[in-house]
Peer 1: 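A single structure is presented below for examination.
Quantities reported herein were computed from a predicted structural model and do not represent experimental measurements. Note that the numbering runs from 1 along the sequence shown for the chain.
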Amino acid sequence: MEALGSSTNVENLVLLWVTLNDIKKRIWASHAIHADDAFKLMLEDESPKPALEAIRDSITVLNYLNHHLVSGKMHSINTFLRAEFRAISNSWNANNRRQINLEDCWTKWFPAHLLSMRDETKIWVSDAIKQMRAVWHPDNNSGEDYHWISLQVNEHLDRLERSAANDIVIDISQL
């Protein structure tokens, strides 16, 4: 199962910032992108930066998966895994009455999992933006500095919302 990674198989390795790699790991494992309490702490921070970065980074991970270098490697891994599952099934089927088709299971599961990753990320990003808009609403504080910062935060949220609409996509057509 070298396709899944090892110390000798680095052909399909793509380096990613640690923060983004952690988000990617949680998305792949169908875990929350950020635990509710962790994001709540970001929202309570004096600075909007941690929460804005969390939203941006979540969008970036899905966008990264569509980059031609990364998607090409993902397709290579998928092709290799399908061949491995086919070989395992053929070996099993040659020696057992009960027949299996692991390749077919993978072929059904993998695209469905990628679409689930996309959908869960869209939901998390949308909810996070709504929470930030509530916290950083210009009317929440009468201070001039707060008002100015909140307007900037909301401009960033507008851009992140547009980015989410365009960049949280997964192309499964070549799987």
Peer 1: Hey, could you give me the CG/OG distance between Asp139 and Ser150, rounded to the nearest 0.5 Å?
Peer 2: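 So the gap between those two atoms works out to 8.0 Å.
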Peer 1: Is there a side-chain contact between Asp158 and Arg133, using heavy atoms and a 4.5 Å cut-off?
Peer 2: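 They are in side-chain contact.
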Peer 1: Yes or no on side-chain contact (heavy atoms from CB on, under 4.5 Å) for Leu175 and His75, after CA distance, side-chain angles and deciding distance?
Peer 2: CA-CA 7 Å; Leu175 300 177; His75 294 305; 3.3 Å; yes
Peer 1: When you look at CD of Glu144, are more than 12 heavy atoms from neighbouring residues, nucleotides or ligands closer to it than 6.0 Å?
Peer 2: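 Check fails, neighbour count at 12 or below.
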Peer 1: Taking salt bridge (charged side-chain N to carboxylate O under 4.0 Å, His left out) as the definition, give me every residue that meets it alongside Glu44, ordered by chain and number, with sequence neighbours left out.
Peer 2: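 In terms of salt bridge (charged side-chain N to carboxylate O under 4.0 Å, His left out), with neighbours along the sequence ignored, Glu44 is linked to Lys40.
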Peer 1: Report yes or no: does Asn66 contribute a side-chain atom to a donor-acceptor pair with the main-chain N or O of Val169 at less than 3.5 Å?
Peer 2: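 Side chain of Asn66 to backbone of Val169: a pair is present.
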Peer 1: A side-chain contact here means heavy atoms from C-beta on lying under 4.5 Å apart; do Trp106 and Leu81 qualify?
Peer 2: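 Touching, per the 4.5 Å side-chain cut-off.
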Peer 1: Mind checking the CD1-CG spacing from Ile27 to Asp22? Nearest 0.5 Å is all I need.
Peer 2: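 Those atoms lie 11.0 Å apart.
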Peer 1: Between CD of Gln152 and CD1 of Ile149, what distance do you get to the nearest 0.5 Å?
Peer 2: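 It is 7.0 Å, given to the nearest 0.5 Å.
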Peer 1: Does Ile23 offer a backbone N or O that forms a donor-acceptor pair with the side chain of Asp57 under 3.5 Å?
Peer 2: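 No: the side chain of Asp57 does not pair with the backbone of Ile23.
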Peer 1: Tell me if a side-chain donor or acceptor on Asn96 pairs with a main-chain N or O of Trp92 at a distance below 3.5 Å.
Peer 2: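 At least one qualifying donor-acceptor pair exists.
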Peer 1: When you measure from the side chain of Asp45 to the backbone of Leu41, do you find a donor-acceptor pair of N or O atoms at a distance under 3.5 Å?
Peer 2: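 No, because the side chain of Asp45 does not come within donor-acceptor range (under 3.5 Å) of the backbone of Leu41.
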Peer 1: Between CD1 of Ile100 and OG of Ser89, what distance do you get to the nearest 0.5 Å?
Peer 2: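 Spacing of CD1 (Ile100) from OG (Ser89) equals 4.0 Å.
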Peer 1: Hey, are the side chains of Arg56 and Arg159 touching, using non-hydrogen atoms and a 4.5 Å cut-off?
Peer 2: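 Counting from C-beta outward, Arg56 and Arg159 never come under 4.5 Å.
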Peer 1: Which atom pairs, donor and acceptor, lie under 3.5 Å between side-chain atoms of residues 110-130 and protein residues at least two apart or in another chain?
Peer 2:
from, atom 1, to, atom 2, distance (Å)
His113, NE2, Trp28, O, 2.8
Thr121, OG1, Met117, O, 2.8

Peer 1: Could you measure the distance from the NE2 atom of His137 to the CG atom of Asn154? Nearest 0.5 Å is fine.
Peer 2: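 His137 NE2 to Asn154 CG: 7.5 Å, rounded to 0.5 Å.
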Peer 1: Say whether Leu52 and Leu151 are linked into one hydrophobic cluster, either directly or through other cluster members, by side-chain heavy-atom distances under 4.5 angstrom.
Peer 2: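 As far as the 4.5 Å side-chain criterion goes, Leu151 and Leu52 are not connected within one cluster.
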Peer 1: Can you list the residues that meet the ring pair (Phe, Tyr, Trp, His ring centres under 6.0 Å) rule with His156, with sequence neighbours excluded?
Peer 2: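 His156 satisfies ring pair (Phe, Tyr, Trp, His ring centres under 6.0 Å) with no other residue.
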Peer 1: Could you tell me whether the side chain of Thr107 reaches within less than 4.5 Å of the side chain of Phe85, counting heavy atoms only?
Peer 2: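 Answer no - side chains too far apart.
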Peer 1: Quick one: are Leu157 and Ile55 in side-chain contact, heavy atoms under 4.5 Å?
Peer 2: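 Result yes, sub-4.5 Å side-chain heavy-atom pair found.
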Peer 1: Not counting sequence neighbours, which residues clear salt bridge (charged side-chain N to carboxylate O under 4.0 Å, His left out) with Asp171? List them please.
Peer 2: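 Salt bridge (charged side-chain N to carboxylate O under 4.0 Å, His left out) list for Asp171, sorted by chain: empty.
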Peer 1: Scan residues 96-105 for pairs that pass salt bridge (charged side-chain N to carboxylate O under 4.0 Å, His left out), counting only residues two or more places apart or in two chains.
Peer 2: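 Residue pairs with at least one partner in residues 96-105: Arg82-Glu103, Arg86-Glu103, Asp104-Lys108.
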Peer 1: Nearest 0.5 Å, please: how far is CG in Leu160 from CZ in Arg162?
Peer 2: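 Rounded to the nearest 0.5 Å, the CZ-CG separation comes to 9.0 Å.
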Peer 1: Run the ring pair (Phe, Tyr, Trp, His ring centres under 6.0 Å) test against Trp136 and tell me which residues pass, sequence neighbours left out.
Peer 2: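 With sequence neighbours excluded, Trp136 shows a ring pair (Phe, Tyr, Trp, His ring centres under 6.0 Å) to Tyr146, given in chain and number order.
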Peer 1: Determine the minimum heavy-atom distance between Ala54 and His34, stating which atoms define it.
Peer 2: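 Heavy-atom minimum between the residues: CB-NE2, 3.4 Å.
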Peer 1: Check for a donor-acceptor pair, side chain of Ser91 on one end and backbone N or O of Ile88 on the other, with a separation under 3.5 Å.
Peer 2: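 Pair absent, no side-chain N/O of Ser91 close to backbone of Ile88.
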Peer 1: Quick one: are Ile77 and Met74 in side-chain contact, heavy atoms under 4.5 Å?
Peer 2: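 They are not in contact (no side-chain heavy atoms under 4.5 Å apart), so the answer is no.
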Peer 1: Are any side-chain N or O atoms of Ser71 and backbone N or O atoms of Leu65, one a donor and one an acceptor, separated by less than 3.5 Å?
Peer 2: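 No, the answer is negative, given that no donor and acceptor are paired below the 3.5 Å cut-off.
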Peer 1: Any donor and acceptor pair, going by atom type alone, linking the side chain of Asn140 with main-chain N or O of Val135 inside 3.5 Å?
Peer 2: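 Yes, the answer is positive, given that a donor and an acceptor are paired below the 3.5 Å cut-off.
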Peer 1: Are Leu43 and Met132 close enough that some pair of their side-chain heavy atoms sits under 4.5 Å apart?
Peer 2: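 They are in side-chain contact.
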